[in-house]
Protein chains: 2
Amino acid sequence: MRRMTARPANAHQARLLQLLRDGGPNSRAQLGDQVDLSRSKLAVEVDRLLETGLVVADGLAASRGGRRSHNIRLNPGLRFLGVDIGATSVDVAVTNAELEILGHINQPMDVREGPVAVFEQVLSMAAKLRASGLAEGFDGAGIGVPGPVRFPEGVPVAPPIMPGWDGFPVREALSQELGCPVMVDNDVNLMALGEQHAGVARTVHDFLVVKIGTGIGCGIVVGGDVYRGTTGSAGDIGHIQAVPDGRPCACGNRGCLEAHFSGAALARDATEAAQQGRSAELAGRLEANGGLSAADVAAAAAAGDATALDLIREGGRSTGQVIAGLVSFFNPGLVVIGGGVTGLGHNLLAAIRTQVYRQSLPLATGNLPIVLGELGPTAGVIGAARLISDHLFSPA
Amino acid sequence: MRRMTARPANAHQARLLQLLRDGGPNSRAQLGDQVDLSRSKLAVEVDRLLETGLVVADGLAASRGGRRSHNIRLNPGLRFLGVDIGATSVDVAVTNAELEILGHINQPMDVREGPVAVFEQVLSMAAKLRASGLAEGFDGAGIGVPGPVRFPEGVPVAPPIMPGWDGFPVREALSQELGCPVMVDNDVNLMALGEQHAGVARTVHDFLVVKIGTGIGCGIVVGGDVYRGTTGSAGDIGHIQAVPDGRPCACGNRGCLEAHFSGAALARDATEAAQQGRSAELAGRLEANGGLSAADVAAAAAAGDATALDLIREGGRSTGQVIAGLVSFFNPGLVVIGGGVTGLGHNLLAAIRTQVYRQSLPLATGNLPIVLGELGPTAGVIGAARLISDHLFSPA
DNA sequence: CGTCTTTGTCCTCTCAGTGGAGAAAGTCGG
DNA sequence: CCGACTTTCTCCACTGAGAGGACAAAGACG
């Protein structure tokens, strides 16, 4: 099919598209209830959207006691590509215009191989999804990278864990290859967008999403919008000091949160514990797998290993320490914990909660839920699709 | 004079009023350049504003090579009252509609005496200003209190240092007494508004204002707007842990920033040092005044006293430690240091800068100015006037 | 004194948007 | 099967915001 070229011509049309995206098919009358426009004006705008092909009218809905209504919905042929580049793996997904995932692939990868190699892999994954009949092409793509991004241009800036990407024109390059509009953002921000769109943060306007994966980052949502900071590095909490004079960190300081707790730090500490004979359980896993990951620690803790549990608790304490400060400062309405380490589950969550509720003032914590993300590994790709759809469903 | 009753009827009028407030008198043509309206439409809206009396046309400006323009300005009779309630003193000021201070009084006071006593004092100060001929009445008032505020209602909530104020309807009570609209906010937020309006933060959209007075608080401005958090306690950084297992704090925890550095903490530490014979300079001042304040420490440091300097440096280090975390998280474009302790001046600033620049990542600090506030004790009252004027100069 | 520039006013035209009348297409009770 | 009532959608006349051009007013300047 020919790809989407049209964009909403005005704010009304943009609003209608967003309503159809978030609420599914609707009749003109239902749309009118949500949009504060007269029926006549609404009909005009809907007709224009129908002309552009962005939305279609397919069939009649069941009667609700009167004339049956026409179903207006977003063009079911629209396809968005969501890409979530992590430190050690990539997620690529195809969604329809309602941001429902139609297909999703995850593959291991190493960002440090640089943008060219990674893009090759991403494009081949996208091609595979296309070949499986899910899409004939893409109307837009969102992509998340594990580092700060100059958002308007879609270019990574000074990313610590992916040095080869500094200044690489991700947006432009990918847009060329895919032949569609592309938006780029930090992976944590996309996770926040995902949880806001379809996860635990649907009804909250000001919240934080703490992503604990290979590193640690924080997505900040203010008044429903992602806040990216002056240079795009807002939420970079991995190098906040969690333990004074603590472990040395790659950044040159000591005691950074990331040096004490993250996927990488946890694996390191678990290996150390195994080698020092502090945990038979972990030692056994180390023997069997030739290495340890956060998942091993989670499994060991689930099997009742005290050392593994301690590692998780200690990490949760450090994380909670930092989050407590952020809660005092930012006074969010919700804190979401996500990322690969979420497999550690409720042990981790409990440790974080204890620390935050103890350290922050009651006014800030009184009604503050601290919860695990709801979408798991799909948060990023859904957020990516949401990012590009927000862009395309706004006035040109 | 009769007080202002009218409000702008639409967004255009509101915008015009704000332009006149921030840019002083303007001709219709000059306004047209800033407002993206046709001259005809602009003329209509200006005429309507003239009818309401909110603005006046007084005289002709000098010619700039053609027909002379009419000067359009905000009604010079408009008066706003700005009130800044601190822990130990009150500032009350009268401004015109351009938020220029026409008169300013500062008096010592103790918030803990409760809202009734404090209001009596504030009202008598306002009466004194009125009696001196600066105002015949007030068109609006802004008031800042040293604690969290439920902003929409203008009611303090659970304020630690002013327990008697919890739930007291400040906005309503003051509005009754003064007979004009009133807005209430946290004192730190008002300081941020003040520095944004007339101080160092005029051109920045995302910045932090750290106020170090009797306590410590932080004003957060996102996209030009003050961010207040979910329950109005955003920026409450006094109880973030600055020193693990540090000094006990009134809040029940240990090592809170406020327990280590603030006007009160500094006075306490200086007294201790004087009594232990660690500083002859401070001991002399203690003898002379019967007590020590932050100003004494500043004077001692200026006189070359090493102990006083150490106290300031150590405090700056703790503060910088916390600010470094906030900078990593929030990635502001500017950090402003203000409040009573600013008398400590560049010694304090240097200590804070050192710590922040060392602990935060280069991307966040690379282009980050950390400066002292420009307005000193007038920041709060200017911010208060700005608060109410923003309210009144927005569509009804 | 005529020309040029700037400022402000007036008038007409366009177009977004409203609200009401009514057509189309149902349900439901008798 | 028919009439009364509902709901959905369309059509049309009217309103008001706003644009843009013509023109008047008022000064500068050679």
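Chain letters run A, B, ... following the sequence lines, proteins first and then strands; every chain starts at 1.
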Note: F207(B) and A192(B) closest approach over all heavy atoms is CZ-O, 3.9 Å
Short side-chain to backbone donor-acceptor contact, [X] and [Y], under 3.5 Å:
{"X": "Q196(A)", "Y": "G224(A)", "answer": "yes"}
{"X": "Y227(B)", "Y": "G223(A)", "answer": "no"}
{"X": "Q34(A)", "Y": "Q30(A)", "answer": "yes"}

It should be established whether R64(B) places a side-chain nitrogen or oxygen under 4.0 Å from OP1 or OP2 of nucleotide dT7(C).
yes
Can you check whether H12(A) has a side-chain N or O nearer than 4.0 Å to OP1 or OP2 of dG17(C)?
yes
Under 4.0 angstrom, heavy atoms only, what part of the nucleic acid is S38(A) near: base, sugar-phosphate, or nothing?
base
If you look at every strand shown and take non-hydrogen atoms under 4.0 Å, does S40(A) touch a base, only sugar-phosphate, or nothing?
base
Rounded to the Å, how far apart are [X] [atom1] and [N] [atom2]?
{"X": "R28(A)", "N": "dT10(D)", "atom1": "CZ", "atom2": "C1'", "value": "10 Å"}
{"X": "D47(A)", "N": "dC9(D)", "atom1": "CG", "atom2": "C1'", "value": "10 Å"}
{"X": "L31(A)", "N": "dT10(D)", "atom1": "CG", "atom2": "P", "value": "13 Å"}
{"X": "K41(A)", "N": "dT10(D)", "atom1": "NZ", "atom2": "C1'", "value": "15 Å"}
{"X": "H70(A)", "N": "dC9(D)", "atom1": "NE2", "atom2": "P", "value": "6 Å"}
{"X": "D36(B)", "N": "dA19(D)", "atom1": "CG", "atom2": "C1'", "value": "11 Å"}
{"X": "Q13(B)", "N": "dG18(D)", "atom1": "CD", "atom2": "P", "value": "10 Å"}
{"X": "N71(A)", "N": "dC9(D)", "atom1": "CG", "atom2": "C1'", "value": "14 Å"}

Is there a side-chain contact between D390(B) and R21(B) in this structure, where contact means two heavy atoms from C-beta onward sitting under 4.5 Å apart?
yes
Given DNA chain C, 5'-ward residue of the pair L37(A) and S63(A), judged by closest heavy atom:
L37(A)
With DNA chain C as reference, determine whether S69(B) or G66(B) sits nearer its 5' end, using the nearest nucleotide of each.
G66(B)
With distance as the sole criterion, do the side chain of R67(B) and the base of dT7(C) form a donor-acceptor contact below 3.5 Å?
yes
